[in-house]
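All residue numbers refer to positions in the sequence shown, counting from 1.
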Amino acid sequence: MGLIVQKFGGSSVADAEGMKRVANRIVAAKRDGNQVVVVVSAMGDTTDELIDLANAVTPIPQGRELDMLLTAGERISMALLAMAINNLGFEALSFTGSQAGVITYSVHGKARSIDVTPGRIREAIDSGAIAIVAGFQGISQDTKDVTTLGRGGSDTTAVALAAALDADVCEIYTDVDGVFSADPRAVPAARKLKTVTYDEMLELAASGAKVLHLRCVEYARRYNLPIHVRSSFSTNEGTWVVKDHPEGGAMEQAIISGIAHDKSEAKITIVGVPDRTGVAARIFQAIADADINIDMIVQNVSAAATGLTDISFTLPKAEGAAATAILQKLQGEVGFASIQYDDQIGKLSLVGAGMRSHPGVTATFFGALSDAGVNIEMISTSEIRISIICRQADLERGAKAAHTAFELDADQNEAVVYGGTGR
Ligand code: ASP
Ligand code: MG
């Protein structure tokens, strides 16, 4: 018996039936003698619908007002869920992010949560109630305005609250049974992972796996808080996100834990860049000044005859127009020939702590891609990850081929997608 923080995503509370199902789940944990704090997301695709609505009244919604609008989605969920729990004869109290003490910086749309002071939540659970908290939102320390934590931010609310309350576990309920060796929507043979380490999960989340919000994993790692990712539609044991794979598991531990794919990036190539000291610094400083995050970079050896080289880098598609505009302004000063923009790329990443101690991972990976007819355009690696860029049209074929090559395919279909529209 202890303190559990449970988080339910939008697909788990998509309608009244979902609310009631989740309420039963919560009450069961309470009946087992636990103190229960629940973080809830907006119902179904509400957040996307609210964004569409904002864009229908103005092309550029103001950050402050957009945050005010979007946070309404989670408030609807929290109140309905509290009512559903009350209806089962249990006391439940709902709280907005600000009431729950989620304090952030004042950047709208992607505020970083800096501090959680959950005094009222502690009071509520100590009095025997179940506390329901609106995910994804906080209040800015300086402006006192309502802020949001970025898309998918309810996971982060849950883990931050769990850390502040010193909870025993944070359970993240979603529409699949846990973290899979690949996205089951693209690789049907994906298998459920029993455990995944914080480091692996961080790499997977940063490489496009959508199951957990990146910031939430950073938080969990910092506080060494175990996360149990599982489905609200089944009672199956899910995936534990922990510091290390369990003892003795090392032998059976696969070299590759998971494969992630990402279609959200674009590639910019700057053609004919003079090969001079300071040129790359000048280019990337200008990009950084605009707060644009880049991912992979490739620079070729300059051609001896011309002294010119090409530099390619990838970045989120959403920042593509801004980056291109910045580079165009720089063209005269730096003196490169042209800029090419390509948004038809895909990124495929293999992640696994086992790759530290196993040679040949790259060879197997590239062999599988070549057999599948997938051409590699860029490569980047970390200690436990290899990523490549290829044509977007080849991405899912490459993911399936790599999954098979590393013997990750499940014998029978393990990956049930219970809900969600994949929006
Ligand atoms: N409702 C928000 C979103 O859709 C936050 C979340 O679901 O975690 O991004
Ligand atoms: Mg959502």
The complete set of ring-ring contact (aromatic ring centres under 6.0 Å, His included) pairs with one or both residues in residues 123-171, sequence neighbours excluded, reads none

Donor-acceptor pair, side chain of D155 and main chain of H213, under 3.5 angstrom:
yes

Quick note, ring-ring contact (aromatic ring centres under 6.0 Å, His included) partners involving residues 1-54, not counting sequence neighbours, are F8-Y173

ask   = Regarding S264 and D262, is there a side-chain donor-to-acceptor distance under 3.5 Å anywhere?
value = yes

R64 meets the side chain to side chain donor-acceptor pair (under 3.5 Å) criterion, sequence neighbours left out, with D145

**Asked** Between T71 and T148, does a side chain to side chain contact (heavy atoms under 4.5 Å, CB included) hold up when you go through it step by step?
**Response** CA-CA 7 Å; T71 50; T148 58; 3.6 Å; yes

Across all chains, not counting sequence neighbours, the side chain to side chain donor-acceptor pair (under 3.5 Å) partners of Q35 are D126

For K210, the salt bridge (charged side-chain N to carboxylate O under 4.0 Å, His left out) test, sequence neighbours excluded, returns none

Without hydrogens or angle criteria, can the side chains of S77 and R75 be said to hold a donor-acceptor pair below 3.5 Å?
no

Ignoring hydrogens and geometry, is there a side-chain-to-backbone donor-acceptor pair from T46 to A42 under 3.5 Å?
no

Per side chain to side chain contact (heavy atoms under 4.5 Å, CB included), I388 is matched among T362, L348, L350 by L348

Taking every heavy atom of C390 against every heavy atom of V374, the minimum-distance pair comes out as CB-CG1, 3.7 Å

Margin query: Between V37 and L165, is the side chain to side chain contact (heavy atoms under 4.5 Å, CB included) condition met? List the steps.
Written below: CA-CA 10 Å; V37 176; L165 291 165; 3.8 Å; yes

| query | Have E265 and T314 got a donor and an acceptor in their side chains that come within less than 3.5 Å? | reply | yes

Contacts of Q62 meeting side-chain contact (heavy atoms from CB on, under 4.5 Å) (sequence neighbours excluded), chain-then-number -> E65

Scanning both residues in full, the closest heavy-atom pair of L369 with G398 reads CD2-CA, 3.8 Å

After noting the C-alpha distance and the side-chain angles of H403 and D409, does the key distance pass the side chain to side chain contact (heavy atoms under 4.5 Å, CB included) rule? CA-CA 6 Å; H403 200 265; D409 290 355; 2.4 Å; yes

Can you give each donor-acceptor pair under 3.5 Å made by side-chain atoms of residues 226-233, sequence neighbours left out, with the distance rounded to 0.1 Å?
unit_1: H228; atom_1: NE2; unit_2: G238; atom_2: N; d: 3.0
unit_1: S231; atom_1: OG; unit_2: F233; atom_2: N; d: 2.8
unit_1: S232; atom_1: OG; unit_2: S12; atom_2: OG; d: 2.7
unit_1: S232; atom_1: OG; unit_2: R21; atom_2: NH1; d: 3.3

*asked:* Quick check against the 3.5 Å criterion: does N236 have a side-chain atom that pairs as donor or acceptor with the backbone of D177?
replied: no

Looking at E91 and I130, would you say the former's side chain and the latter's main chain have a donor-acceptor pair under 3.5 Å? no

Next on the checklist: I'd like to know whether D199 forms a side chain to side chain contact (heavy atoms under 4.5 Å, CB included) with I384, so could you lay out the CA-CA distance, the side-chain angles of the two residues, the decisive distance to 0.1 Å, and finally the verdict.
Outcome noted: CA-CA 8 Å; D199 289 340; I384 61 167; 3.9 Å; yes

* Under 3.5 Å, is there a donor-acceptor pair between the side chain of N34 and the main chain of L3? -> no

For A92 and I132, the nearest pair of non-hydrogen atoms, with its separation, is CB-CG1, 4.4 Å

- Task: Indicate whether the side chain of T104 and that of Q141 have a donor and an acceptor atom separated by less than 3.5 Å.
- Result: no

Quick note, side chain to side chain donor-acceptor pair (under 3.5 Å) partners involving residues 279-292, not counting sequence neighbours, are R282-E333, Q285-D289

Here the pair of heavy atoms bringing A260 nearest to A209 is CB-N, 4.0 Å

Correct closest heavy-atom pair for R25 and T235 would be NH2-CA, 4.0 Å

Salt bridge (charged side-chain N to carboxylate O under 4.0 Å, His left out) pairs touching residues 348-357, sequence neighbours excluded, are R356-E383

So the ring-ring contact (aromatic ring centres under 6.0 Å, His included) pairs with at least one residue in residues 40-91 (sequence neighbours excluded) are none

- Any side-chain donor near an acceptor of the partner, H261 and D183, under 3.5 Å: no

side-chain contact (heavy atoms from CB on, under 4.5 Å) filter on T364, not counting sequence neighbours, yields A405, F406

Sorted by chain and number, sequence neighbours left out, side-chain contact (heavy atoms from CB on, under 4.5 Å) with L69 holds for L50, A54, L66

